[in-house]
Structures are given as C-alpha cells and as structure tokens.
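Step one of this worksheet: look at the structure below.
These numbers come from the heavy atoms of this one structure, side chains and all, not from hydrogens, waters or symmetry mates. For ligands, and for the atoms within them, numbers begin at 1 and follow the listed sequence. Residues: numbered from 1 along the sequence shown.
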Amino acid sequence: MYRVPMYINGEFVESTGNSWFPVFDPSTEDTIAEVPDGNATDVELAVKAARQAFDGGDWPQATAQHRGRLLFKLADYIRQQSAQLSELESRNSGKPITEAEFDVSDTATCFEYYGGMATKVLGHVNPVPDNALSLSLREPVGVTGQIIPWNYPLAMAAWKLAPALAAGCCCVLKPAEQTPLTILELAKSFEEIGFPKGVINIVTGFGETAGAPLVAHPDVDKVAFTGSAAVGKLILRSAAESIKRVTLELGGKSPNIFFADSDFEAAVDGALFGIFINQGEVCSAGSRILVERSIYSKFVEAMAAKAKTIKLGPPLDRETKMGPLVSREQYDRVRSYQEIGKGEAKLVAGGGRFESAAKGFYVEPTIFADVDNRAQIAREEIFGPVAAVIPFDGESEAIRIANDTPYGLAAAVWSRDIFRALRVVKAVRAGVVWVNHMQPTYVEAPWGGYKQSGFGRELGPWGIEEYLETKQVHINLSEQPIGWY
Ligand code: NAP
Ligand code: MG
C-alpha cells in the first residue's frame, strides 16, 4: 500500500487537512493506495494556481502550435506507458485489462486529436454594412473545473483536459473518489513535458467536500461534469450563483431496438455487448432491449444462453470479459436492482452475485424479460450488468417506448431495412444513435445527451467549442467623427 499525493501548482502535495482516504482493488476488496482527502482549502489553492497560470498568460498566450505540441508529447508518453497505465486502470476500476488497453489507447488518441486542433481554431470576418472591419475572435473560456466519474477514469479525464488545454484554458480536475490513480500517475509527466505550473491541477477528494467547492468557486469560469443526473442538478444550481458556463454529461436508459429482419446472430451479440461491456458501467449502456414480437422468444432464449457463457474473472486475466463492479456501493446498488427486477419481470439469466469468485464485487450478467417500460428496472439507471428486455409490435410502438424515458443519451436500431432504420434514427430523441451496432465511440464524433442526459457536446470540433468564448471586435476604418451630436 502506498500514498499517492495530488497535483497542485506543479507540486505533488498532501491535503492541507492532512487526511487521506483509501483506494481499493474491487476484485480483492484490498486497499491498494491512499490519496489525499482534498477539501475547500485545497480547491482554493488549485483554483488560485490555475487562475495565475491563466491570467499571467503562461498558457493562453503560448502559441497554439506550442500547446498542440505538448498535447502530442503527452499522447506519446501515454503510448509509451500504455502497459503500466492499463494495468493500473484495470486494477483500480475492475475493468478487464483488454478493455483498459483500449481505453488507454483512446486516451492518447484524444490528446493527439486536440493537439492537432489547437492550430485549427479559426475566427471570422463579419460582413457588417459599414466602413469597418468586424472580427470574431475565439478565446479560451478561462479556468475550468472538471469533475469526472469512475467508469472510464483516464479517458474521461482526457475528454475534458484535451480540448480545454488545446483552447488555452487552465484546469482543475477532480477524479472520482474510487479511481484517482491513473490520472495521478500521468501527472508525473506534466512538468517534464513542459506544462507550466498551474495549467493542470488534480485535486483528489469526495464530491461533497472537494467537488462542491470547485463548482461554487467564483474564480472558476466553467464547469464540465460527467456523472449522475442527481449531482448534475446540484451542479447546475450551484453554478448559477456566478453564471458559470456548464456542460453536463449525465446518465441514460438507452434503448437498443431490434427488428425481426436484423441479422439474428449479430443482433444477439449486439444486445449483449450493448449492456455488458465494462460490466454495464457505461453511461450509454443499452439497458432497455426492445425486441419485435415475432422474434422475441427466440431472441430472449439466445441472449440468455450466450450471457451464461460470458467469462467473469480477475480483471488482469486476458481471458476475462467481465470484471467486478467498481465499489461496494455500486455492488450493493446493482444487487438491489437485481432483487427489484425479480418482483417486476421474468429473470432469464444471472440475478445474483457471481459466487465462483471468493472475494470481490462481482455480479452475474443479468437479464430480465417481459419487462414493462414503466417498471423501475426500465426507468432508473442501474449502471451495471442488468438488462431489461421489452417486446414491441411494429415501428411506431418501438419509437414510442424508446422515447418514453426522461433520458436521451443514446440509442441503437438494428434492421436491414434502410428506410425503417433511418426513420427510427430521426424519431429517437437521443444525442447518439447507432445503426446495426452499439457503443463504438470516436474522438472525431460528437458525444452528449438530449433531455435529462445533459447538454453540451464533448469530442470532435464540438468538444473544443465548449471551452471557447467569442469576442466581437469592431475596427472603424472611417477617420471622420461619428457626427451624431
Ligand atoms: P456521481 O455521484 O454523479 O459522481 C460523479 C462525480 O461527481 C464524482 O467525481 C463525484 O465525486 C462528484 N460529485 C458527487 N457529488 C458532488 C457534488 N455535490 N458536487 C460536485 N461534485 C460531486 O456518480 P457516481 O457516484 O460515480 O455514480 C452514481 C451514479 O451516477 C451511477 O450509478 C450512474 O447512475 C451515474 N454515473 C453516470 C456516468 C456517466 O458517464 N454518465 C458515469 C458514472 C456514474 P465522488 O467520487 O466523491 O462521488
Ligand atoms: Mg459518489
């Protein structure tokens, strides 16, 4: 067990409160490290450092080319350290090592993408009807507070840090309490790579004691948050006090819709992948599986049979397809929904703890069939490997059920009928819609929700927009007095 300090103003420091909290390996339930229990004073120091780096001009005035190059260097470093970072991510979060490797590679890709984009932020000349030159300049929004969840720790950090840094913003990032280790490991490279002090700060701690003061801090210009809708609401309220810019990436209850004409094998595979990847701890999890009635029974049977073959095991085992859930809290939560489901629908696979593992927060991949869309397991985000399968009759009923949710993060539709697939794409109110696939996510394409899944977009050119202000500049070209008075 070791202590890992946090990173403020270019230094690795403990909390001013001198207290630490444990970080676990969810596959063994052992404490693997301790990190500082950051508090409002620590947040104050981090925001001050970011403010100085921003207002002093170290970062926003550096050339875009320079900022981009540092992001490329960081990406190279991540690729060099891939084995070590992937192992740490897998141990700390419980995700299979093969998925962690994918995430680490994606993290590097994200820094590369925004490294390139730093030099592509363009202004405009506005065609105003006067003897004047009117310009729109793009400027960094300032100091940003960034708060992330535990399901994709390093990738979520990159989705927030990369566009912000490319834009010229300075950052205070609070990782989730459960999974702070990989971003702190990565912070060891920041000075050597050349990021000036204060440009990136990582404050570890709990939501209530470190996250909340960061959101409330008057010197923070923008808050970017990924997590639950409940916390998203708190953040929006708190940010109102100083009119901060806010982007929210919240949860979902995403429909994965299967028409009878879809390729059966591919469809069953896609239904399982949509909900069980990353132990179901995915904001866009295809947790409501809508199946056309004519293939319904066969589909449910095939899903249940295949789900039983999914290999659960230690995250570092390369054969493992599903590891433990991230924490005891999340385990208890998912277990309770397994029990709720038993009272609401028909259990066809899983339904309990994965008892072959002596220790660890393992739950079985669980499938409920004949679920009513009004059931609790169909309405509430479980954030674990629990699927609700719902039959439907025809396209319009599929669309109605798909949209009957307060969320709108993602959806998928499976059909070989291009006309029908595209009608469903248009009718579904969600920020991401896949056709004949579910979950592929690309740095180049926008990510974010409709409805209560939040607002704002990450990734692609949309991602950097959220970290830019627009300044109008009017240059009078006439040398005459205005002549009004
Ligand atoms: P959460 O409570 O929303 O936490 C997300 C982040 O916000 C964490 O860093 C958390 O700190 C912080 N936070 C909590 N309360 C805060 C506050 N009052 N002010 C500022 N920051 C605060 O999510 P969670 O506890 O990780 O998981 C709970 C549920 O959120 C999940 O079951 C799932 O429904 C949803 N979730 C969604 C996503 C997504 O990608 N959309 C990801 C993860 C979770 P702590 O780490 O100390 O809690
Ligand atoms: Mg929490």
- Among all residues two or more places apart in sequence or in another chain, which pass the side chain to side chain donor-acceptor pair (under 3.5 Å) test with Gln178?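 Once residues adjacent in sequence are excluded, Gln178 has no partner under the side chain to side chain donor-acceptor pair (under 3.5 Å) criterion.
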- Message: Please report whether atom 2 (O) of ligand 1 has a protein non-hydrogen atom at a separation of less than 4.0 Å.
- Response: yes
- Only one of Glu458, Lys222, Lys160 forms a side-chain hydrogen bond (donor to acceptor under 3.5 Å, both in side chains) with Thr247, so which one is it? Lys222
- Query: Below 4.0 angstrom, N of the basic side chain to O of the carboxylate: do Lys244 and Asp219 qualify?
  - Reply: no
- Item | Salt-bridge present (Asp221, Arg51; N to O < 4.0 Å) | yes
Got the closest protein heavy atom to [atom], with its distance?
atom	answer
atom 30 (O) of ligand 1	Ser228 CB, 2.9 Å
atom 17 (C) of ligand 1	Gly207 O, 3.5 Å
atom 47 (O) of ligand 1	Glu177 OE1, 2.4 Å
atom 18 (N) of ligand 1	Leu234 CD1, 3.7 Å
atom 26 (O) of ligand 1	Trp150 NE1, 2.4 Å
atom 38 (C) of ligand 1	Phe383 CZ, 3.4 Å
atom 34 (O) of ligand 1	Glu381 OE1, 2.5 Å
atom 11 (O) of ligand 1	Lys174 NZ, 3.1 Å

Atoms of ligand 1 less than 4.0 Å from [X] heavy atoms?
X	result
Gln178	46 (O)
Ala212	19 (N), 20 (C)
Pro149	42 (C), 43 (C)
Ala176	9 (O), 46 (O)
Gly251	41 (N)
Cys283	39 (C), 40 (O), 41 (N)
Thr226	5 (C), 39 (C), 40 (O)
Arg333	32 (O), 34 (O)

- Query: Looking only at distance, does Ile148 have an N or O less than 3.5 Å from an N or O of ligand 1?
  - Reply: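 Right, the criterion is met.
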- Task: Could you say whether the N/O atoms of Leu250 and ligand 1 ever approach to under 3.5 Å?
- Result: yes
- Query: Should Glu381 and Leu250 count as side-chain neighbours, where that means a heavy-atom distance under 4.5 Å?
  - Reply: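 Heavy-atom side-chain distance check fails, nothing below 4.5 Å.
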- When the ring planes of Phe195 and Phe190 are compared, do they come out parallel, tilted or perpendicular, using 30° and 60° as the limits?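 Aromatic pair Phe195/Phe190 classed perpendicular.
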- What ring-ring contact (aromatic ring centres under 6.0 Å, His included) pairs are there with at least one residue in residues 197-227, not counting sequence neighbours?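 For residues 197-227, and leaving out neighbouring residues, the ring-ring contact (aromatic ring centres under 6.0 Å, His included) pairs sorted by first residue read Phe21-Phe206.
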- Message: Checking side chain to side chain contact (heavy atoms under 4.5 Å, CB included) between Val389 and each of Leu290, Val371, Val291, Asn256, which is the one that passes?
- Response: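 With Val389 as partner, side chain to side chain contact (heavy atoms under 4.5 Å, CB included) holds for just one option, Val291.
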- Can Tyr152 be said to touch ligand 1, with heavy atoms closer than 4.0 Å? no
- Message: Any heavy atom of Gln330 closer to ligand 1 than 4.0 angstrom?
- Response: yes
- Main-chain N/O of Met6 paired to Thr204 side chain as donor or acceptor, under 3.5 Å: no
- Query: So how far is it from Phe111 CZ to Leu74 CG, rounded to the nearest 0.5 Å?
  - Reply: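 Interatomic distance, Phe111 CZ to Leu74 CG, rounded to 0.5 Å: 4.5 Å.
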- Cation-pi, Phe276 ring and Lys321 (6.0 angstrom, 45 degrees):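 Because its charged atom misses either the 6.0 Å distance or the 45° angle limit, Lys321 does not stack over Phe276.
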- On the ring face of Tyr152, is Lys95 found with NZ or CZ under 6.0 Å from the centre and within 45° of the axis? yes
- Task: Count the heavy atoms belonging to other residues, nucleotides or ligands that lie under 6.0 Å from CZ of Arg379, then report whether that count exceeds 12.
- Result: yes
- Message: Looking at non-hydrogen atoms alone, which of Gly211, Ala230, Gly232 comes nearest to atom 21 (N) of ligand 1?
- Response: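 Nearest heavy atom to atom 21 (N) of ligand 1 lies in Gly211.
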